[in-house]
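Below is one structure, written out as structure tokens, with a few remarks after it.
So that the names make sense, note that chain A is the first sequence line, chain B the second, and so on, each numbered from 1.
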2 protein chains.
Amino acid sequence: MILEKKKAFNEFAAAKGLRSTRQRDIILDFFLSTHQHVSVEELYLKIKASHPGIGHATVYRTLKLFTEAGLAREILLHDGQTRYEHALAGEHHDHLVCTGCNAIIEFEDETIEKLQKEIAARHGFMIRRHKLEIYGLCALCRAPR
Amino acid sequence: MILEKKKAFNEFAAAKGLRSTRQRDIILDFFLSTHQHVSVEELYLKIKASHPGIGHATVYRTLKLFTEAGLAREILLHDGQTRYEHALAGEHHDHLVCTGCNAIIEFEDETIEKLQKEIAARHGFMIRRHKLEIYGLCALCRAPR
DNA sequence: TATGCCTTTGATTTTCAATTTCAATTACGC
DNA sequence: GCGTAATTGAAATTGAAAATCAAAGGCATA
Ligand SMILES: [Mn+2]
Ligand SMILES: [Mn+2]
Ligand SMILES: [Zn+2]
Ligand SMILES: [Zn+2]
């Protein structure tokens, strides 16, 4: 799993003529061992604890590379912080976002996906991507105390 | 229509103990006579042409008030600019966004709305709001030349 | 292993939307 | 009209993200 992703990035890097650097290896290791939907700042701070030399800019740049390579996906929720999640080829899902505890629940609904395509077709619109985010309170945050 | 909205805002302002100011009247007039999905900067520039004294901060603040009053709705698309659209009580719709010409097509789909509620219920999640944005190319932008 | 090119890095600066600050102005109940 | 508290707007500040650029480092070649 993790090895496959590393391999995938190495292939992407090779194809693009990118150099192999210590920083990119470290950032990839941290990203792969991180929970879903990590913000750049969160990841940067985690890395900085054991690798103080690594800079903000490199983390930003490298996450964009991972996205280009297909390992990561950018998620823009309503808090002004870009987050990244692990991307699996061909996989797609949407998000329930708890505004109480910031938990994120993933879901996928084939019918919704199909209806979106029908709506687009009806308007002669060609879909490139979409985002469906449902904001509210998760079961835990709804519970009294 | 426009008068109803002005009345609605006046009632909101009265209930909240807000004062009636020339600036708020002007900004409301401009907002109500503007096409859908206007950005703050766009609206500010339009107003400035005939009312140079009105400041950025006031436009930002006032649009937030309109939102609170239920006349406007904040729309955050993927271009880093907050937009506002006219809100009608009880009405909801989602957006097809053309990345070619920035056109925005509105749509509503009862089945999608229902499915969202089912998904939320399945996770014990209480929905407060949601956003569904479909990005791609509109019919005109797809057409050759 | 050494050379040299050219990519990458990271401290710093810049950008840009949006918010905050605060002194001056203004609305409005009395 | 008076006094007070809300409002305004120029300017400063914020915060995320991108850009800058000199120094460091990867890598093809000899
Ligand atoms: Mn996800
Ligand atoms: Mn709309
Ligand atoms: Zn929660
Ligand atoms: Zn278009």
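Side chain of A/Y84 to backbone of A/L43: no donor-acceptor contact under 3.5 angstrom is found. Between the side chain of B/S33 and the main chain of B/F30, a donor-acceptor pair closer than 3.5 Å is present. With hydrogens and angles disregarded, no donor-acceptor distance shorter than 3.5 Å links the side chain of B/K117 to the backbone of B/I127. Between the side chain of A/H86 and the backbone N or O of A/F31, at least one donor-acceptor pair lies under 3.5 Å.
A donor-acceptor contact under 3.5 angstrom links the side chains of B/E85 and B/H37, judged on distance only.
In this structure, the OH atom of A/Y84 is 12 Å from the C1' atom of D/dA16, given to the nearest Å. The distance from atom CG of B/D25 to atom P of D/dT8 is 10 Å, rounded to the nearest whole Å. The distance between atom CD of A/E41 and atom P of D/dT14, rounded to the nearest whole Å, is 16 Å.
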B/S/- along nucleotides 21-30 of chain D (protein heavy atoms under 4.0 Å) is ----BBS---
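Set against D/dA19, D/dT7, D/dA17, the side chain of A/Y60 has D/dA17 as its closest nucleotide.
Between B/K5 and B/L88, the closest side-chain pair of non-hydrogen atoms falls below 4.5 Å. The closest side-chain heavy-atom distance from A/E106 to A/H95 is below 4.5 Å. Contact of the A/L77 side chain with the A/Y135 side chain is registered, since non-hydrogen atoms from C-beta on lie closer than 4.5 Å.
Within the nucleic acid shown, B/K64 comes within 4.0 Å of sugar-phosphate atoms alone, with no base atom in reach, counting heavy atoms only. Within 4.0 Å of B/G53, counting heavy atoms only, lie sugar-phosphate atoms of the nucleic acid but no base atom. Note on B/Q81: only backbone sugar-phosphate atoms sit closer than 4.0 angstrom, heavy atoms only; bases stay farther off.
Here the range on DNA chain C touched by chain A, meaning any atom under 4.0 Å from one of its heavy atoms, is C/dC6 to C/dA11.
Mapping B/A57 and B/G80 onto DNA chain C by nearest heavy atom places B/G80 at the nucleotide closer to the 5' end. Residues A/G17 and B/L76 both approach DNA chain C. Their nearest nucleotides, taken by heavy-atom distance, put A/G17 toward the 5′ side.
Each of B/K131, B/K64, B/R83 was evaluated against B/E74; a single residue qualifies, B/K64, per the salt bridge (charged side-chain N to carboxylate O under 4.0 Å, His left out) test.
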